[in-house]
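Below you'll find the structure, written out as structure tokens, and then a few comments.
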Amino acid sequence: MRSHGILDLMKKENDSKVTEFVLLGLSSSWELQLFLFLMFLLFYMATVLGNLLIVVIVRADTHLLQSPMYYFLGHLSFIDLCLSCVTVTKMLGDFLWQCKIISFSGCLAQIYFLHFLGASEMLLLTVMAYDRYVAICNPLRYLIVMNRQLCFQMVFACWCGGFIHSITQIILVIQLPFCGPNVLDNFYCDIPQVIKLACMDTYVIEVLMVSNSGLLSLVCFLILLFSYAVILITLKTHFHQGQSKALSTCASHLTVVSLIFVPCIFIYLRPFCSFSVDKVFSIFYTVISPMLNPLIYTLRNADMKIAIKKLCKKHVASCCHVKG
């Protein structure tokens with residue numbers, strides 16, 4: 001009798017375990033969802049085409065690949081390309097379905113790749129700010145300081161940092177018991193919403209989340225602001241020619257950086273409470289920023305425009321040769 005009671009209890013616990021989550025998405029209105037589907041589909045296509053173009057151009061042009069700045073930009077575009085696939089593809093599919101469901105393992109995978117790529121991008125943007133600092137404040141020693149080996153080590157450190165950050169997040173989530181409810185007020189799985197559904201006190205977990213994601217976002221953002229402040233002061237003090245163009249470039253860079261870091265700081269540096277506006281803030285660093293990065297960092301650049309024209313001429317010439 002006792003063994004039957006234990007088996008019944010185990011069966012009841014297994015039945016009550018959450019195996020999937022229901023996503024509320026951005027809207028419950030079918031008409032609005034169709035409009036959002038078309039809008040975000042255009043955003044996604046622009047993101048994929050823009051970032052893919054940059055990756056191909058940087059890899060194809062030897063001059064750009066040997067430049068530290070474009071070496072970093074190539075990795076940034078690759079991260080943005082992958083990052084847009086983590087959340088946007090699922091969101092686009094959910095716009096066409098009334099019931100938006102994601103499996104527990106799918107939810108963990110989304111959290112893992114979102115934080116892996118997101119943290120790697122934050123660290124890479126910080127490295128890129130240092131690269132610009134050396135280029136502007138110490139131009140004569142720029143290629144000596146930012147040599148090929150150091151650039152590789154910095155990028156490798158960014159990927160390793162992203163992996164460590166992400167695997168820590170997964171360890172925090174995977175040990176939590178989930179027995180219901182299973183409704184997430186978001187269009188993708190993320191730590192703040194998921195841990196609030198756990199059937200236990202999550203005080204310590206939320207503090208760890210702030211220590212991990214929140215502080216990473218804040219520290220990287222402060223380093224970026226300090227780097228750009230030093231760059232702007234140097235430009236104002238030593239370089240008068242071309243100052244307006246440099247100021248415009250720094251302003252556009254800071255705008256895109258703010259679209260990533262400010263929403264992350266708002267969401268992850270605020271434990272124990274969540275707002276419905278959080279998912280609106282999430283759109284900036286999951287959808288808008290990966291789309292704007294190619295425009296701001298690269299496609300406005302003269303060297304990139306020249307490389308694109310060279311690649312187009314090479315492609316046209318090869319096509320004419322094949323036809324001939």
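The shown structure was predicted, so the numbers you read here are calculated from the model rather than taken from an experiment.
Between Lys90 and Lys100 there is no side-chain heavy-atom pair separated by less than 4.5 Å. Between Pro294 and Leu53 there is no side-chain heavy-atom pair separated by less than 4.5 Å. Side-chain contact between Tyr130 and Val145 is present, with at least one heavy-atom pair separated by less than 4.5 Å. Contact check for Leu114 versus Thr87: side-chain heavy atoms found under the 4.5 Å cut-off. Side-chain contact between His165 and Ser120 is absent, with no heavy atoms from C-beta onward closer than 4.5 Å. Taking the side chain as every heavy atom from C-beta outward, Phe221 and Ile260 never approach each other to under 4.5 Å. Put simply, the side chain of Leu26 does not reach to within 4.5 Å of the side chain of Leu32, judged on heavy atoms. Residues Ile205 and Gln175 meet the side-chain proximity criterion, which asks for heavy atoms closer than 4.5 Å.
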Verdict with reasoning, Thr168 to His115, per side chain to side chain contact (heavy atoms under 4.5 Å, CB included): CA-CA 10 Å; Thr168 305; His115 284 268; over 6 Å; no

Worked verdict on Ile167 versus Phe116 for side chain to side chain contact (heavy atoms under 4.5 Å, CB included): CA-CA 8 Å; Ile167 205 70; Phe116 173 45; over 6 Å; no

Applying side chain to side chain contact (heavy atoms under 4.5 Å, CB included) to Met146 and Met69, what does each step give before you reach the verdict? CA-CA 9 Å; Met146 300 301 295; Met69 181 179 74; over 6 Å; no

If you apply the rule side chain to side chain contact (heavy atoms under 4.5 Å, CB included), what do you find for Leu92 with Phe40, and how did you get there? CA-CA 7 Å; Leu92 288 173; Phe40 284 112; 3.9 Å; yes

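The closest donor-acceptor contact from the side chain of Asn186 to the backbone of Lys279 lies at 3.5 Å or more, if one exists at all. Judged by distance alone, with hydrogens and angles left aside, the side-chain atoms of Asn51 form a donor-acceptor pair with the main-chain N or O of Pro290 at under 3.5 Å. A donor-acceptor pair is defined here as one N or O able to donate and one able to accept, closer than 3.5 Å; no such pair exists between the side chain of Thr202 and the backbone of Ala198. Panel note: side chain Ser103, backbone Gly106; a donor-acceptor pair is recorded below 3.5 Å. Side-chain N or O atoms of Ser77 include one that pairs as donor or acceptor with a backbone N or O of Leu73 at under 3.5 Å.
Atoms CD and OH, on Gln110 and Tyr188 in that order, are 8.5 Å from each other to the nearest 0.5 Å. The distance from the NZ atom of Lys196 to the CD1 atom of Ile191 is 11.5 Å, given to the nearest 0.5 Å. The distance from atom CZ of Phe178 to atom CE of Met200, rounded to the nearest 0.5 Å, is 9.5 Å. To the nearest 0.5 Å, atoms CD1 (Ile265) and CG (Leu222) are separated by 7.0 Å. A distance of 11.5 Å separates CE in Met122 from CD1 in Ile79, rounded to the nearest 0.5 Å. For the atom pair CG of Leu254 and OG of Ser227, the computed distance is 10.0 Å after rounding to the nearest 0.5 Å.
No more than 12 heavy atoms of other residues, nucleotides or ligands lie within 6.0 Å of CZ in Phe78, so this atom counts as exposed by the packing criterion. Around the CE atom of Met45, the shell of radius 6.0 Å holds no more than 12 heavy atoms that belong to other residues, nucleotides or ligands. Heavy-atom contacts from other residues, nucleotides or ligands closer than 6.0 Å to CZ of Phe284 number 12 or fewer. The environment of CZ in Phe113 is sparse: at most 12 heavy-atom neighbours from other residues, nucleotides or ligands sit within 6.0 Å. Atom CZ of Arg148 sits in a crowded spot, with more than 12 heavy atoms from other residues, nucleotides or ligands closer than 6.0 Å. Atom CZ of Phe37 is surrounded by more than 12 heavy atoms from other residues, nucleotides or ligands within 6.0 Å.
A pairwise comparison of heavy atoms in Val18 and Pro181 identifies CG2-O, 4.4 Å as the closest pair. Here the closest non-hydrogen pair linking Asn147 and Ile144 is ND2-O, 3.2 Å. Minimum interatomic distance between Gly118 and Leu83 (heavy atoms only, all atoms of both residues): N-CD1, 4.3 Å. In terms of heavy-atom proximity, Tyr133 sits nearest to Ile231 at N-CD1, 3.7 Å. The shortest heavy-atom contact between Gly162 and Leu123 is N-CD1, 4.0 Å.
For the residue pair Tyr44 and Ser84, no side-chain donor N or O sits within less than 3.5 Å of a side-chain acceptor on the partner. Side chains of Tyr268 and Asp190: a donor-acceptor N/O pair is present below 3.5 angstrom, by distance only. Between Ser213 and Gln169, the side chains place a donor N or O and an acceptor N or O closer than 3.5 Å (distance only, hydrogens not considered).
Each of Ile101 and Val88 belongs to its own hydrophobic cluster when Ile, Leu, Val, Met, Phe, Trp and Tyr are linked at side-chain heavy-atom distances under 4.5 angstrom. Residues Ile171 and Phe163 do not share a hydrophobic cluster, clusters being chains of Ile/Leu/Val/Met/Phe/Trp/Tyr side chains in contact below 4.5 Å. With hydrophobic clusters built from ILVMFWY side chains whose heavy atoms lie under 4.5 angstrom apart, Leu49 does not share a cluster with Val55. Follow the hydrophobic side-chain contacts under 4.5 Å out from Val287 and you reach Phe266 in the same cluster. If you chain together hydrophobic residues whose side chains sit under 4.5 Å apart, Val219 and Leu124 never meet in one group.
His75 and Tyr71 have perpendicular rings, their planes meeting at more than 60° on a 0 to 90° scale where under 30° would count as parallel.
Remark: Arg132 fails to qualify as a cation-pi partner of Phe72 under the 6.0 Å distance and 45° angle criteria applied to the six-membered ring.
Under the rule for a side-chain contact (heavy atoms from CB on, under 4.5 Å), the partners of Glu31 that lie at least two apart in sequence or sit in another chain are Ser29.
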